[in-house]
Visitor: 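My structure is below; once you've seen it, I'll send some questions.
Just so it is clear, the model here is predicted, and its values are computed rather than measured.
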Amino acid sequence: MATALAHSPAKFLPPVTAIPQFPDDPKTLILQQCKTTKDLNQVHAHLLKTRRYLDPTVTENLLESAAILLPTTTMDYALSIFDKIDHPDSSAYNVMIRAFTMKQFPYKALLLFKQMLENAVPFDEFTFPCTLKSCSRLRGKKEGKQIHAQIVKCGFGSNSVVLNTLIHMYANCGEVEIARKVFDGMPERDIFAWNSLFSGYVKSGYYEDAVKLFYKMRTSGVRFNEITLVSVLTACGRLADIELGEWIAEYTRANGLDVNVNLATALLDMYAKCGEVDKARRLFDQMGRRDVVAWSAMISGYSQARRCKEALQLFSEMQIANLDPNEVTMVSVLSCCAVLGALETGKWVHLYIKKKRMKLTVTLGTALIDLYAKCGQINTATEVFQMMPSKNVYSWTALIQGLANNGQGKKALEFYQLMRERNVKPNDVTFIGVLSACSHVGLVEEGHDFFNSMGKEFGIEPRMEHYGCMVDILGRAALIKEAYQFIEKMPIQPNAVIWRTLLASCRAHKNVEIGEKAVKQLVSLEPMHSGDYILLSNIYASVGRWEDAMRTRSRMKEKGIKKTPGCSSIELDGEIYEFLAEENAYPIKEVYCATEDMIKQIKAAGYVPNTADARIDAEEDDKEAAVSHHSEKLAIAFGLIKTRPGTTIRISKNLRVCTDCHNAAKIISKVYNREIVLRDRNRFHHFKEGSCSCNDYW
DNA sequence: TTAGGGTTAG
């Protein structure tokens, strides 16, 4: 009998005596117990053998087991069963649509819905919820509306489950008003209706509406649940509404709801977004169970608070805890590496991503572009960009910005052109990159054109940053007077950054008159900013007005303004070393000896110390000593002795680089045949073979 | 069959 079975199609098999133990209701007793494909295969084979397979209910149960109950991520097995059904009915389709939706194949779910329509298989109340959920996932507003029409046509327009998913679909696709209309039109609203609207509001960024709705829910006496609170907490975080956030935290504690991981994570995220990172950390430490989302939320909390070292520390603790990070975790980690200029750590993360075959999502790709761009490896940033399967305005902007900051303005504008050709609409941030590219290349005319196109072509109102870029463009091109006039004509009140940009151009082009005007404005706007006094004093010194320079410095002293100490850092073997001008924690003698040796070498190649940037109240000899001990020189000297010949030296500095260090770095790059990448407060400097990518303007 | 937490460019 076994031989006959193996060679005949199931349909034409002669009846076989049923195995007495096989139950009439295989679904609950056997099919639901199947844990693996192999288990199900055995049952499947048995059903074929006993011809129970011909019973449509049994087939459907088998299909449900294969599609939904098995913990597999693929749908191959389920599809093989479904494809053998001659005329699948609504239930069979519903199972498949539900499974495709659950297993993250929303597009396939919609295709099946379309197939149902084409084959005139009638819809029932179970068809719509999952189909609509797939529309939500795909942000398929158009498809969602078409399905809505079908719902009305088939007479399911008052089914509450269907209406709840409609609310969710509309709100998730950004059609918040329609979602609200559906919600308001319901005679009775259950908790699913309320929560669908909350979630939609939050996902579409309607945070105020979410909070308002929560107050309405409370006054109308409807009971909320944990799911409601998760959505409302997200809104609180975005609005920095700590008052409501604290109320929810208190409610959660009082009702013992803090064991819910989702709610606890939403709470810690709310605290972090409201600026209470330490409170968030305490909550994190108290959590009984922490999953990858909880860890990611805490790491991102540190990252957003710019407490990057703590974020990286927590990331290494996560690995010790043996929890695998995912794409979202990596985005925050990379963002921290970018801020710290920690290229080695960032590269390690990139390798890890590749090793784990993580999907290069738009967000992850953009974080990688930003990492390499901020670490001065702009070519790698471009490579990552080209590797990305999908890109959005963020990725384009990160690259344009990165190219501009790394002194490749022309290339940045080429990518902007390409972006336009690909029909990606630029936004306000994109224009900051485009305008700063114009500034680096010295394209005054084009800069004006781009600035004007913002409003005309794209309806983007220029903000302070854009005006700042224009001042930079004009100032860099030595059009100081024009820059000053431009500021005077601004329709918004210029802030300190605008005047500081003008002041920097005055320093570069030695314009004392307008420099003094800029400082006057700056003193009234930000009287305690030390950098401005130093820039003015440097302008005086650069034209030999030593007394004025000294007077400026003493005015600074009188007002009790302290100069922010210059600090440069270098990363070696994943460890970050920091250097301060003149005083240091690191083995001082070694670093100073190396620095002196380095100065000797570059002097022989024509370096003349420019003492105008030194503390001008010092004696001439001291001045030279002071400039030679600037933090960036110490860090470069340290890099020269600690890395192999030919290795690129990467330094990050907290302030702008001074003229003397800039000049020295150019000569060092030639004498030692090293590339030096120096990231200062404002921009990148790539020193190579005696010149710098900034063309001596910064 | 319907609702929930963490992410990117200045």
Visitor: Heavy atoms under 4.0 Å, any strand shown: does A:N427 hit a base, just sugar-phosphate, or nothing?
Guide: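 Base: the residue A:N427, judged by heavy atoms under 4.0 Å, touches a nucleobase.
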Visitor: Going by the salt bridge (charged side-chain N to carboxylate O under 4.0 Å, His left out) test, which pairs reach into residues 365-389 of chain A, not counting sequence neighbours?
Guide: A:D370-A:K374
Visitor: Quick check on ring-ring contact (aromatic ring centres under 6.0 Å, His included): which of A:F198, A:F214, A:Y215, A:W194 does A:F224 satisfy it with?
Guide: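 Only one of A:F198, A:F214, A:Y215, A:W194 forms a ring-ring contact (aromatic ring centres under 6.0 Å, His included) with A:F224, namely A:F214.
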Visitor: Go through the structure and list residues passing salt bridge (charged side-chain N to carboxylate O under 4.0 Å, His left out) with A:E143, not counting sequence neighbours.
Guide: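 A:E143 satisfies salt bridge (charged side-chain N to carboxylate O under 4.0 Å, His left out) with no residue once adjacent residues are dropped.
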Visitor: By the ring pair (Phe, Tyr, Trp, His ring centres under 6.0 Å) test, which pairs, at least two apart or in different chains, include something from residues 357-389 of chain A?
Guide: A:H350-A:Y372, A:F385-A:W396, A:F385-A:F415
Visitor: Base, sugar-phosphate, or nothing: which does A:D428 touch, judged by heavy atoms less than 4.0 Å apart?
Guide: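 Base contact.
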Visitor: Just to verify, what does A:A235 make a side-chain contact (heavy atoms from CB on, under 4.5 Å) with, not counting sequence neighbours?
Guide: A:V202, A:Y207, A:A210, A:V211
Visitor: Could you tell me whether A:K203 contacts a base, only the sugar-phosphate backbone, or nothing, with contacts defined as non-hydrogen atoms closer than 4.0 Å?
Guide: sugar-phosphate
Visitor: Answer with base, sugar-phosphate or nothing: what part of the nucleic acid does A:V202 contact at a heavy-atom distance below 4.0 Å?
Guide: nothing
Visitor: Students often get this wrong, so: under 4.0 angstrom with heavy atoms, is A:N326 touching a base, only sugar-phosphate, or nothing?
Guide: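 Contact class for A:N326: base.
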Visitor: Taking any heavy-atom pair under 4.0 Å as a contact, classify A:R238: base, sugar-phosphate, or nothing.
Guide: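 Since only primed, P, OP1 and OP2 atoms lie under 4.0 Å of A:R238, the category is sugar-phosphate.
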Visitor: Heavy atoms only, 4.0 Å cut-off, all strands: where does A:Q401 land among base, sugar-phosphate and nothing?
Guide: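 Sugar-phosphate: the residue A:Q401, judged by heavy atoms under 4.0 Å, touches backbone atoms but no base.
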Visitor: Which part of the nucleic acid, if any, lies within reach of A:T329 when heavy atoms closer than 4.0 Å are counted: base, sugar-phosphate only, or nothing?
Guide: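 Base, at least one base atom sits under 4.0 Å.
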Visitor: Name the first nucleotide and the last nucleotide along DNA chain B (5' to 3') that come under 4.0 Å of a heavy atom in chain A.
Guide: B:dT1 to B:dG10
Visitor: Base, sugar-phosphate or nothing for A:V162? Non-hydrogen atoms, less than 4.0 Å.
Guide: nothing
Visitor: Reckon A:T265 touches a base, only the sugar-phosphate, or nothing at all at heavy-atom distances under 4.0 Å?
Guide: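 Base, at least one base atom sits under 4.0 Å.
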Visitor: Taking side-chain contact (heavy atoms from CB on, under 4.5 Å) as the definition, give me every residue that meets it alongside A:Q313, ordered by chain and number, with sequence neighbours left out.
Guide: A:S316, A:E317
